[in-house]
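First up is the structure itself, then whatever we jot down about it.
Please read these numbers as outputs of a predicted model, since none were measured by experiment. Below, chain A is the first sequence line, B the second, and so on; all start at residue 1.
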Amino acid sequence: DAKTTQPPSMDCAEGRAANLPCNHSTISGNEYVYWYRQIHSQGPQYIIHGLKNNETNEMASLIITEDRKSSTLILPHATLRDTAVYYCIGETTTSGTYKYIFGTGTRLKVLA
Amino acid sequence: GAGVSQSPSNKVTEKGKDVELRCDPISGHTALYWYRQRLGQGLEFLIYFQGNSAPDKSGLPSDRFSAERTGESVSTLTIQRTQQEDSAVYLCASSPLAFQPQHFGDGTRLSIL
């Protein structure tokens, strides 16, 4: 299984970049890394995903190391509304079926 | 609305009763997923459907849990003889194809007295 490890919490000043790390050393070569976030009392929201190359969209950037054992989610200009729990997820394929393994995530607090 | 809809949003029931949770995915999404989230914890994957079939049911916590999907649309998660440890938020998600980015509902908060 693609188990992921994240720091339990981080603070970031409003307007600054938030860099959220994730270790996924057991991920296989063809398994994607996904990032979601969950704001209190809501369902998780998809942010970004990647396989090998760095990715960018309107929400964030994803930097994946060359050995694919870790990645960093970057929120370039954090706002108070970015306060949430951020989950790094390794897609896992087992016996031809898929699973998502969510860890406990990183609780990001953006400070005014 | 265009999002994933779950009902009820809250359910309180007595221990030993059966409960049925409903998920209406986004129209046209072939893949549907159920998760459980206990208070203060991450999401626990339960089961996913590709169309009306569930390729892997091993994530279901016990034989008291079952799920079905019909018409490649609505899904129900049934918990029989509920126990207090079943108290959690049950989340449903859907995606156009399996394991593309998932769209989540806001969950059903289940409380077992």
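Contact between Pro44(A) and Leu43(B) at its shortest, heavy atoms only, is CG-CD2, 3.8 Å. Heavy-atom minimum distance, Tyr87(A) versus Gln37(B): OH-NE2, 3.3 Å.
Clustering ILVMFWY residues whenever any of their side-chain heavy atoms sit less than 4.5 angstrom apart, transitively, puts Trp35(A) in the very cluster that holds Leu108(A). Leu46(B) and Tyr36(A) fall into different hydrophobic clusters, defined by Ile, Leu, Val, Met, Phe, Trp and Tyr side-chain heavy atoms under 4.5 Å apart, directly or through other members. Both Leu62(A) and Met59(A) are members of a single hydrophobic cluster when ILVMFWY side chains are connected at heavy-atom separations under 4.5 Å. In the hydrophobic cluster analysis, where Ile, Leu, Val, Met, Phe, Trp and Tyr join through side-chain heavy atoms closer than 4.5 angstrom, Phe65(B) is grouped together with Val19(B). Cluster membership check: Phe102(A) does not share its hydrophobic cluster with Leu77(B), using side-chain heavy-atom separations under 4.5 Å among Ile, Leu, Val, Met, Phe, Trp and Tyr.
With a 4.5 angstrom heavy-atom cutoff, Gln102(B) touches chain A via backbone and side-chain atoms both. When heavy atoms are compared at a cutoff of 4.5 Å, Gln6(B) does not approach chain A at all. If you measure heavy-atom distances from Tyr32(A) to chain B, you find no contacts under 4.5 Å at all. Tyr35(B) touches chain A through its side chain: at least one heavy atom from C-beta onward sits under 4.5 Å away, while N, CA, C and O do not.
Side-chain atoms of Gln38(A) and Leu91(B), non-hydrogen and from C-beta on, do get closer than 4.5 Å to each other.
Using a distance-only test at 3.5 Å, with no hydrogens or angles considered, no donor-acceptor pair links the side chain of Tyr46(A) to the main chain of Gln100(B).
Applying the side-chain hydrogen bond (donor to acceptor under 3.5 Å, both in side chains) test to residues at least two apart or on different chains, none of the pairs has a partner in residues 11-20 of chain A.
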